[in-house]
Amino acid sequence: MSGSEATPAEPGPGRHGLPELIAERRSKAERLRESDAGAFPYSFAATEPVAGILEAYDHLAAGEETEDAHRVAGRLAARRGAGGAAFLDLVDRTGKIQLHARLDVLGEEAFERLTSLDLGDLLGVDGAALRSRRGEISLRVDGFQVLAKALRPPPDKRHGLSDVETRYRRRELDLIANEDSRALFLDRAKVISAVRAYLDGEGFIEVETPVLQPLYGGALARPFTTHHNALGRDLYLRIATELYLKRMIVGGLERVYELGKDFRNEGISSKHNPEFTMVEFYEAYADYEDEAKRLEEMVALAARAVAYKGELDFSRPWRRVGFFEVLKEKTGIDVAAHRDDEQLRAAIVDSGLEMQTTGLTWFHIADELLSKFVEPGLREPTLVLDYPVELSPFAREHRSKPGLVERWEAFAGGMEIANAFSELVDPDVQRERFRAQQSLESLGDTEAQPFDEMFLQALEQGMPPSGGVGVGIDRLVMLLTGSDSIREVVLFPAMRD
RNA sequence: GCCGCCGUAGCUCAGCUGGUAGAGCAGCGGGCUUUUAACCCGAAGCGCGCAGGUUCGAGUCCUGCCGGCGGCACCA
């Protein structure tokens, strides 16, 4: 990382820079320990959120004071004024409130103790609400306790922390310094909460299936491999929850979902993190049209939860276009008329599109065309319907369009955010699909599906017609918070050592 | 993997066609009982991501490496 930082040095004379700043704070902590019996307590009960106080006293006129006692706790973010009166800004999770410290109220010793605190220290305060003459709602400090000492200086109170590398590697500093970042992760929590609320409300039950799997599956991706010592065998980190969740449908749970991390051993980009959060939900006796409605409702609910104020319109129904139709519309290439490797390749060469096609099958090329030339342009929420069967080993054949499956992918903001099918429930057809994947694998496709006999046996037990959906939570959060990188919405994104 | 840009005090940044590194904030000492980027005075702090090289002299030029960002390739 840039800005190599020395190991915290022992306090002492002759030190400069950061070690000196740390030494200064350390000795202050020592002095506090000796002079203030109440410093560093184990708890500080009965505090209230700052935002509530700001709201409750909005009616106060400038200069108006009360004797209403309030208790807050938070981090010291700024300090102004001195002499016999000082103003401190205290920040908690909900906001920032000004503290008015007065020599005549606190007495010399306490006033000195309070005003000699460092920015970044944690503080608990008892005080009375007022609006200052300059119009800011504040608390007059009547009593306080130092709750923790910050031995390291916080980021700049004015400019915050803007170095992206430091923001990601030391997310705590980002959260301390940047209100926007704090708000974003609160929004992320609201999105997740809305997703659960929607599914819970619709009768889905949340389940947990293995992260460590003897066989991975359910998506086209390369897995991470790990090792179990006692079992003496390698295991995979899951790339999807699909197959286990379908076994829950076979088991009769009827509506299930799992919200958690998947792991894919592939490139890192502004839209890809090697571990990412996905919710998958499956529903018996439903098809992909039913699931489209569910996604639309779920996303609308999440948008409302974060008071989405962007430009996209998430109201139902979203725009729907056919896979072949949208490809033809955006690239001019009629893939449906060229369902053949050589023919399609020739068509692309004729069209002059910049694309590498060697070694790719026609459906891989089609998929590539979609992600490269169509996906970035899909700003408004759009469902792309009915994919070639070769791209979708777990989706059920289309009821009226030969060679296609009943599948849609949802796009918004130029990104794929969800994927769904009428689930393939016929064990014999599924077995054939696995065999087709095996031959792809033997041709060198590292993302082909491994043959999963246990899954087939589950289908052979009888699986009801079902619809299933996977939604990328990180991307949904990006969309709803206007973030242009997945790293902004993941607390600790993958970084090099 | 390739290409481009970037990496200067704790934080945010400035450093021209190479001449020996600065500012604001934070911190330290002092002043100020209603400030809001508080203000005023004073003293201090970095040798410029790392390692080499060119040069009388290198944050400034060259090479390699590390890390970040963006694009391409690859992908989900």
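Here is the naming used below: chain letters follow the sequence lines, and residue numbers restart at 1 for every chain.
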Begin with the C-alpha distance, continue with both residues' side-chain angles, and end with the deciding distance and a verdict on salt bridge (charged side-chain N to carboxylate O under 4.0 Å, His left out) for A/R319 and A/E329. CA-CA 14 Å; A/R319 178 186 169 222; A/E329 178 192 326; 3.6 Å; yes
Start with the C-alpha gap between A/F411 and A/V326, add the side-chain angles, then the distance that decides, and say whether side chain to side chain contact (heavy atoms under 4.5 Å, CB included) holds. CA-CA 12 Å; A/F411 298 87; A/V326 78; over 6 Å; no
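Taking only side-chain nitrogens and oxygens, A/S162 comes nearer than 4.0 Å to OP1 or OP2 of B/C13. Distances shown here put every side-chain N or O of A/R169 at or beyond 4.0 Å from the OP1 or OP2 atom of B/G67. Contact annotation: A/K157 does not reach the phosphate of B/C25 (side-chain N/O to OP1 or OP2, under 4.0 Å).
A/I268 has its CD1 atom 18 Å from the P atom of B/A73, to the nearest Å. Computed from coordinates, the A/E165 CD to B/C6 C1' distance equals 11 Å when rounded to whole Å. Rounded to a whole Å, the CZ atom of A/F276 is 16 Å from the P atom of B/C75. Nucleotide B/A9 holds its P atom 14 Å from the CG atom of A/L161, rounded to whole Å. Here the C1' atom of nucleotide B/A9 and the CZ atom of A/R152 are 15 Å apart, to the nearest Å. The distance between atom CD1 of A/I176 and atom C1' of B/A26, rounded to the nearest whole Å, is 14 Å. As a whole-Å value, the separation of A/E409 CD from B/C75 P is 15 Å. When rounded to the nearest whole Å, the span between CG of A/L173 and C1' of B/G10 equals 10 Å.
For the P atom pair drawn from B/G24 and B/C40, the interatomic distance equals 10 Å after rounding to whole Å. Spacing of C1' atoms, B/G70 relative to B/G42, comes out at 46 Å, to the nearest Å. Using P as the reference atom, B/U35 and B/G71 are 48 Å apart when rounded to the nearest Å. Comparing the same atom, P, in B/C11 and in B/G49 gives a spacing of 13 Å after rounding to whole Å. Separating the P atom of B/A26 from that of B/G47 is a span of 23 Å, rounded to the nearest Å. B/A21 and B/C65 are spaced 31 Å apart, taking the P atom of each and rounding to whole Å. A distance of about 14 Å separates the C1' atoms of B/C39 and B/C25, rounded to the whole Å. Taking atom C1' on both B/C48 and B/U20, the two are 12 Å apart, rounded to the nearest angstrom.
In this structure, A/G63 reaches neither bases nor backbone, as no heavy-atom distance under 4.0 Å exists between it and the strands shown. Residue A/R140 is classed as having no contact, given no heavy-atom separation below 4.0 Å to the nucleic acid. A/R496 comes within 4.0 angstrom of the backbone, heavy atoms only, and of no base. Among the heavy atoms of the strands lying under 4.0 Å from A/R79 are primed sugar atoms or P, OP1, OP2 only; no base atom is included. Residue-level contact check: A/K372 touches the backbone only, with heavy atoms under 4.0 Å from sugar-phosphate atoms and none from bases. Nucleic acid contact class of A/L220 (heavy atoms, under 4.0 Å, all strands): sugar-phosphate only. In this structure, A/D367 reaches neither bases nor backbone, as no heavy-atom distance under 4.0 Å exists between it and the strands shown.
Taking the side chain of A/R158 as heavy atoms from C-beta on, and the options B/C28, B/A26, B/A37, the nearest nucleotide is B/A37. The nucleotide whose nearest atom lies closest to any side-chain atom of A/L119 is, among B/G27, B/C75, B/G10, B/G27. Closest approach to the A/D156 side chain among B/G27, B/U12, B/C69 is made by B/U12 (side chain taken as heavy atoms from C-beta onward).
For A/D118 and A/A78, each mapped to the nucleotide of RNA chain B holding its nearest heavy atom, the one lying further toward the 5' end belongs to A/D118. Mapping A/S485 and A/P274 onto RNA chain B by nearest heavy atom places A/S485 at the nucleotide closer to the 5' end.
Of the nucleotides present, B/G71 is the one that pairs with B/C2 by Watson-Crick or G-U wobble criteria, both distances under 3.5 Å. In this structure, B/U60 makes no Watson-Crick or G-U wobble pair, since no nucleotide meets both defining distances under 3.5 angstrom. In this structure, B/G7 and B/C66 make a Watson-Crick or G-U wobble pair, each of the two defining distances being under 3.5 angstrom. Pairing partner, B/A14: none, since no Watson-Crick or wobble contact has both distances short of 3.5 Å.
Using a 30° and 60° split on the angle between ring planes, A/F323 and A/Y387 fall in the tilted class, from 30° to 60°. Classified by interplanar angle (parallel below 30°, tilted 30° to 60°, perpendicular above 60°), the ring pair A/F451/A/F434 is tilted.
The side-chain heavy atoms of A/P274 and A/I268, taken from C-beta on, include a pair separated by under 4.5 Å. At a threshold of 4.5 Å between non-hydrogen side-chain atoms, the residues A/K271 and A/E416 do not count as touching. The closest side-chain heavy-atom distance from A/E423 to A/K246 is below 4.5 Å. The closest side-chain heavy-atom distance from A/D126 to A/Q145 is not below 4.5 Å.
In terms of polar N and O atoms assigned as donor or acceptor, the side chain of A/D163 never comes within less than 3.5 Å of the base of B/G68 in a complementary pairing.
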N/O contacts under 3.5 Å, protein versus nucleotides 29-36 of chain B?
residue	atom	partner	partner atom	Å
B/C32	N4	A/G83	N	3.4
B/U33	O5'	A/G84	N	3.4
B/U33	O4'	A/G84	N	3.4
B/U34	O2	A/R133	N	3.1
B/U34	O4	A/E65	OE2	3.0
B/U35	OP1	A/R134	NH2	2.7
B/U35	OP2	A/R134	NE	2.6
B/U35	OP2	A/R134	NH2	2.7
B/U35	O5'	A/R134	NH2	3.3
B/U35	O2	A/R80	NE	2.8
B/U35	O2	A/Q98	OE1	3.0
B/U35	N3	A/Q98	OE1	2.9
B/U35	N3	A/Q98	NE2	2.9
B/U35	O4	A/Q98	NE2	2.9
B/U35	O4	A/S132	OG	2.4
B/U36	OP2	A/R134	NH1	2.9
B/U36	O4'	A/R80	NE	3.2
B/U36	O2	A/E136	OE1	2.4
B/U36	N3	A/E136	OE1	2.8
B/U36	O4	A/S132	OG	3.1

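The neighbour count for A/R407 CZ, taken as heavy atoms of other residues, nucleotides or ligands under 6.0 Å away, is above 12.
Under a cutoff of 6.0 Å and an axis angle of 45°, A/R171 and A/F492 do not form a cation-pi pair.
B/G59 has its base syn relative to the sugar, with a glycosidic angle deviating from 0 by at most 90°.
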